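Since the model is a prediction, treat every value here as computed from it, not as a measurement.
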Amino acid sequence: MADEELLDRIRTLVDEEHVLRAADELDEERIVHVEQTLDQCWDLLRQRRARREFGEDDADAKMRDVRTVEHYRQ
């Protein structure tokens, strides 16, 4: 996935999150899923950019699982 495609996916997810949060009835499960997917997308984009910065092939960056992305700082 190219950076622009990834950024388009991020924009779509952000738009969806805004719609979900503005709804009269919150779909908490869907909001959590959207947030997790956003975190994965941002992580992948950061990986791609870092690989390019250090002369590596950005195509080798891989989407990490939710558990890894959500807990890598802990």
Side-chain angles (χ1 to χ4, degrees):
M1 181 180 298
D3 285 2
E4 195 55 44
E5 292 174 291
L6 195 49
L7 287 167
D8 286 343
R9 177 76 175 131
I10 289 169
R11 286 184 203 101
T12 300
L13 288 165
V14 167
D15 290 345
E16 181 180 355
E17 182 181 20
H18 290 168
V19 169
L20 288 168
R21 290 191 182 281
D24 290 335
E25 258 184 65
L26 292 181
D27 183 349
E28 293 291 338
E29 188 174 313
R30 181 63 188 159
I31 290 171
V32 167
H33 176 73
V34 168
E35 288 174 339
Q36 290 172 338
T37 304
L38 271 168
D39 289 345
Q40 287 178 297
C41 289
W42 280 116
D43 176 69
L44 179 58
L45 185 61
R46 284 190 297 272
Q47 285 183 63
R48 291 177 54 79
R49 288 175 174 172
R51 287 182 163 282
R52 277 194 300 272
E53 181 179 345
F54 291 97
E56 298 176 13
D57 186 357
D58 61 359
D60 289 338
K62 303 289 184 234
M63 181 85 66
R64 294 189 257 209
D65 64 275
V66 170
R67 183 176 174 166
T68 299
V69 173
E70 292 295 312
H71 299 287
Y72 72 94
R73 290 189 215 177
Q74 297 175 352

Next on the checklist: Please enumerate all residues that pass salt bridge (Lys or Arg N to Asp or Glu O under 4.0 Å) together with Arg21, with sequence neighbours excluded.
Outcome noted: Glu17, Glu35
Checklist entry - Rounded to the nearest 0.5 Å, how far apart are CD1 of Ile10 and OG1 of Thr37? => result 11.0 Å
Next on the checklist: Quick one, Asp15 and Val19 - any side-chain contact, counting heavy atoms below 4.5 Å?
Outcome noted: no
Checklist entry - Residues two or more places apart in sequence or in another chain: which of them pass side chain to side chain donor-acceptor pair (under 3.5 Å) with Gln47? => result Asp43
Item to check | side chain to side chain donor-acceptor pair (under 3.5 Å) partners of Asp57, counting only residues at least two apart | outcome: none
Next on the checklist: Rounded to the nearest 0.5 Å, what separates atom CG in Asp39 from atom CG in Leu13?
Outcome noted: 10.5 Å
Checklist entry - Does Glu28 have any side chain to side chain contact (heavy atoms under 4.5 Å, CB included) partners at least two apart in sequence or in another chain, and if so, which? => result Leu26
Checklist entry - What pairs with Arg67 under salt bridge (Lys or Arg N to Asp or Glu O under 4.0 Å), at least two apart in sequence or on another chain? => result none
Checklist outcome for this item: Sorted by chain and residue number, the salt bridge (Lys or Arg N to Asp or Glu O under 4.0 Å) partners of Glu53 (sequence neighbours excluded) come out as none
Checklist outcome for this item: With sequence neighbours left out, the residues meeting side chain to side chain contact (heavy atoms under 4.5 Å, CB included) with Gln36 are Val32, Val66, Glu70
Item to check | Arg9 CZ: over 12 foreign heavy atoms closer than 6.0 Å | outcome: no
Checklist entry - Excluding sequence neighbours, so at least two apart, what forms side chain to side chain contact (heavy atoms under 4.5 Å, CB included) with Arg48? => result Asp3, Leu6, Leu44, Arg52, Asp58, Ala61
Checklist entry - Sequence neighbours excluded, which residues qualify as side chain to side chain contact (heavy atoms under 4.5 Å, CB included) partners of Asp27? => result Leu20, Glu29, Arg30
